4 protein chains.
Amino acid sequence: MAHVTGFMFPRSATGRSSLVPSPPWHYSGTTLTIEYQTDPAAVAELLPDPLEPADEDPGAVAVIWADWQSCSDSFAELLDPVRSQYMETFVVVRCKYQGRHYSRCVYIWVDKDFAMVRGHHQGYPKKLGELYVTRPVTVGRAGPRLEVGGRFGATCAAYGRRLMDATFTITAPSETAGFVNAFPMIHHRYFPAIEGDGTDSLDELVTMSGYDGEVGRCFTGTATLELHDSPVEELTRLAPQEMIAGYWRELGTSWRAGTTLERDRRPVDPGAGG
Amino acid sequence: MAHVTGFMFPRSATGRSSLVPSPPWHYSGTTLTIEYQTDPAAVAELLPDPLEPADEDPGAVAVIWADWQSCSDSFAELLDPVRSQYMETFVVVRCKYQGRHYSRCVYIWVDKDFAMVRGHHQGYPKKLGELYVTRPVTVGRAGPRLEVGGRFGATCAAYGRRLMDATFTITAPSETAGFVNAFPMIHHRYFPAIEGDGTDSLDELVTMSGYDGEVGRCFTGTATLELHDSPVEELTRLAPQEMIAGYWRELGTSWRAGTTLERDRRPVDPGAGG
Amino acid sequence: MAHVTGFMFPRSATGRSSLVPSPPWHYSGTTLTIEYQTDPAAVAELLPDPLEPADEDPGAVAVIWADWQSCSDSFAELLDPVRSQYMETFVVVRCKYQGRHYSRCVYIWVDKDFAMVRGHHQGYPKKLGELYVTRPVTVGRAGPRLEVGGRFGATCAAYGRRLMDATFTITAPSETAGFVNAFPMIHHRYFPAIEGDGTDSLDELVTMSGYDGEVGRCFTGTATLELHDSPVEELTRLAPQEMIAGYWRELGTSWRAGTTLERDRRPVDPGAGG
Amino acid sequence: MAHVTGFMFPRSATGRSSLVPSPPWHYSGTTLTIEYQTDPAAVAELLPDPLEPADEDPGAVAVIWADWQSCSDSFAELLDPVRSQYMETFVVVRCKYQGRHYSRCVYIWVDKDFAMVRGHHQGYPKKLGELYVTRPVTVGRAGPRLEVGGRFGATCAAYGRRLMDATFTITAPSETAGFVNAFPMIHHRYFPAIEGDGTDSLDELVTMSGYDGEVGRCFTGTATLELHDSPVEELTRLAPQEMIAGYWRELGTSWRAGTTLERDRRPVDPGAGG
């Protein structure tokens, strides 16, 4: 009677093959956040029942480029950085559930498989993309300094099509990195039934937050964002109507677990555990 | 009250963003299959209860390189081939469940995101890899002919490490492409609970087969296979003890749905539908 | 007194490290050719003196997707196909030199380093790209058949931007694959002086042809082509004014050497050897 | 009479298509240098006549991972970072020419086409690879700090094979980043004649240095290095016999031009200009 182990598939005798190591996962990196207002209806159409639009600024959107290193509690990935470094670009909106406000990732691209499936575990609807963001430098001419006037570019492409082009110019130090991605996340974890009958085998509403968050240098500034069309994307439905601001910061965080709020569209009894 | 749609995440107002289009999915391509005997214990340790080793040749393994085009019923992907073409390399063993024999994919690498997550839907534990197999040609000197003596190479790498090197030399036409991957598939669909408590939110035993299978030219021959080590793989536990044979064939198939056999380790009542 | 060897850099004691193996090189593959008329002035501006526009159809352009296997005389690359398989997309025009007509590649993208630098040797101005072309199939629904009505798509992207989208539909068998890429090639091999003074250290006009060409199945049909803009490309200057036709064929060829016509803008004395 | 322009091929009416923008080029980034002693004969065999082994430590080797942003004088690349960011891993030895000591790159891998061909211009024998080096972080648990005890990993792969694995642990601040890569570079710029007759059309011995070098934080430490075999590499001939040290630093530099020392194996008259 064999027993297979591993946090994620493929599960095996030793668990070493698991595409994702067991949590907790630790993250250190930088984020470039660009916030803007779109048509609130374009946000609302991405909020399935029972989620509702946010009370204020229901059309606010954040597009975030994150340049990460991540690792498990073994820290082994840090010495084999192909298993540690990845970029992601994600689109976040806000919503309300049972009277509380949450942040929600509606689209996201990433450039490594471990980060893609780890994101699926957390309810991030990750696809693969080619993602770039300018890095600040301390010497030489080939990059911005972390100071007023520093200019950054950021791009997102998938299937050989440019999907987003953004720029950011630092205007001042900042205490925050915006308000759109500032709540606990609320995500659906969906997985269709293999019967292909329109039902889901996995249908959960979950919430989560990182822990041991640590913020380094943080700046705000002006930003531009262009969204491009693709036959398999709908980004242009979220076209900017008004730019809010951009933010760059250093960020460390860890993540262990989330909480299931609903399963199969029924609330989960919190007394019953996860 | 918004309703989001789409076969797979991300779900949206139109469904266009779904990483995987709705089934059915159609596949046309070629497969190179290399079969060998390993230590039966190395297969058995990958068969979680209630699966049991096959009655005969319980150490038989097939490693298969498939060079695919696939598409949905819209056939749109065929004209944007970045969304249609992919390679995959997978390791298949056989097992027994409730007295019937099945094939089971224990490890698999693929080179596109849509194919990766589509595979997860089917219970294939797909990772990303760099996969290559020689293609037969009809003119010129840079490739084998589909005839006796034609030689092929095939390789699999992931995270910048070569995992497999194989060769195949045609010795004769063939009616079959081996016996290891010849049964209906039996897979687990696992997805851990977001609580990270060691339980799974999705734990299904499923079976599936394609339909409208169409076989083109088919050949058998001799084969070699080298498996290499990696800190995040366990392929070398399946080291060949004896080579059986290799097979090359053209294959078309379609796939719509599978059947859930057990959910949460309890049999699914077939009368209750999927 | 060490001697280093190798056809191409890096040169070493054994020559094994050379990015490109010694010629001859053998090629087997398929090509999709799309021919159209652009503004003749857009072709002429790509023909440096002493090249002149072709006498007839001076605005004719061919865009070609080639799906290759290639190898050296050792044939070793065919069993390690990561070193053998590559895609390329190239733009060809015609011109006249000393009263004879030639074909000339003005832009080209390829997806492997060995093919890129091998092309530089031949005067092809190769960049890297993500290149795709539909492959014909013999079974299943996921691909065209090599017969009237078969439809193909082809795309070219670089730096995360889609540069070209093409389609081709077979209307009839064909004896030829067009007329634009049908002459011997005439290319410049340029390499700027390291002094950065605007001079070239290598400035050669060369011509070449393959040998042992072998043509397999060949079809013609209707074609469409869209060219997209990029900050580092000028393809849209070659915008189609009128489509001519498309062609698909199987092709084998070998290549050993070319002939230098001019060096440093002075004719090379043919009696003096290369 | 058309005139085409552009620093590098493809040359065109506007020059915009050139794979490499005109110099000067500016670089900002970080380097991880690992120095060790190998068999001096393994270095000497990579020094073609008239180069001679260095007087002291003729077996000293540096392997360097550089994580760069670079740009032209337009600085446009910094806002489209796919055209600015690249990684490279290179192997440097020292040698003597006409009584002076130089550094020389004998093998190098890079991950972007513009950087590859720009390097060819400078005599670097660049191939493509998958290159990774741990980045230091300031917050969170997923990366080393720039302080004693900080640990880094670095890897190099090509054609799906791991070629190098290295680690570095900071032991102290440092004034230098080693001695092997500290001289002006001396490189050959080779390009074979298209006649394939064993002669070179371009055969130059060049030297160069950057300008406006700017060094940021700099640390030294202990290092490990493993070299792996490949059918198309000879790295293992340079196997470490004794590790010297590792170095990490921030570096900015600019590059405009070099000087041709010999052409066609004859000294260039310095009075005659480049």
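From a predicted model like this one, the values you see are computed outputs, not experimental measurements. Quick note: numbers below take in every heavy atom, side chains included, and nothing from hydrogens, waters or symmetry partners.
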A.B. asks: Using every non-hydrogen atom in the two residues, find where A:L19 and A:P10 come nearest and quote the distance to one decimal.
C.D. replies: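 Taking every non-hydrogen atom into account, N-CD, 4.0 Å.
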A.B. asks: Go through the steps for A:L238 and A:V91 under the test side-chain contact (heavy atoms from CB on, under 4.5 Å), then give the verdict.
C.D. replies: CA-CA 10 Å; A:L238 291 169; A:V91 180; 4.0 Å; yes
A.B. asks: Among C:V20, C:L128, C:I108, exactly one meets side-chain contact (heavy atoms from CB on, under 4.5 Å) together with C:M116. Which residue is that?
C.D. replies: C:L128
A.B. asks: Within the 4.5 Å heavy-atom criterion, are A:I170 and A:F152 side-chain neighbours or not?
C.D. replies: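 Answer yes - side chains close enough.
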A.B. asks: Quick one, A:V93 and A:L46 - any side-chain contact, counting heavy atoms below 4.5 Å?
C.D. replies: no
A.B. asks: Should C:V61 and C:V43 count as side-chain neighbours, where that means a heavy-atom distance under 4.5 Å?
C.D. replies: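 Contact flag for C:V61/C:V43 side chains = yes.
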A.B. asks: Enumerate the inter-chain donor-acceptor pairs under 3.5 Å for chain C and chain A, one line per pair.
C.D. replies:
{"residue": "C:Y159", "atom": "O", "partner": "A:R162", "partner atom": "NH2", "Å": "2.7"}
{"residue": "C:G160", "atom": "O", "partner": "A:R162", "partner atom": "N", "Å": "3.1"}
{"residue": "C:G160", "atom": "O", "partner": "A:R162", "partner atom": "NE", "Å": "3.3"}
{"residue": "C:R162", "atom": "N", "partner": "A:G160", "partner atom": "O", "Å": "3.0"}
{"residue": "C:R162", "atom": "NE", "partner": "A:G160", "partner atom": "O", "Å": "3.3"}
{"residue": "C:R162", "atom": "NH2", "partner": "A:Y159", "partner atom": "O", "Å": "2.7"}

A.B. asks: Counting heavy-atom pairs closer than 4.5 Å to chain C, which one of A:C156, A:G160, A:A157 comes out on top?
C.D. replies: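 Between A:C156, A:G160, A:A157, the count favours A:G160.
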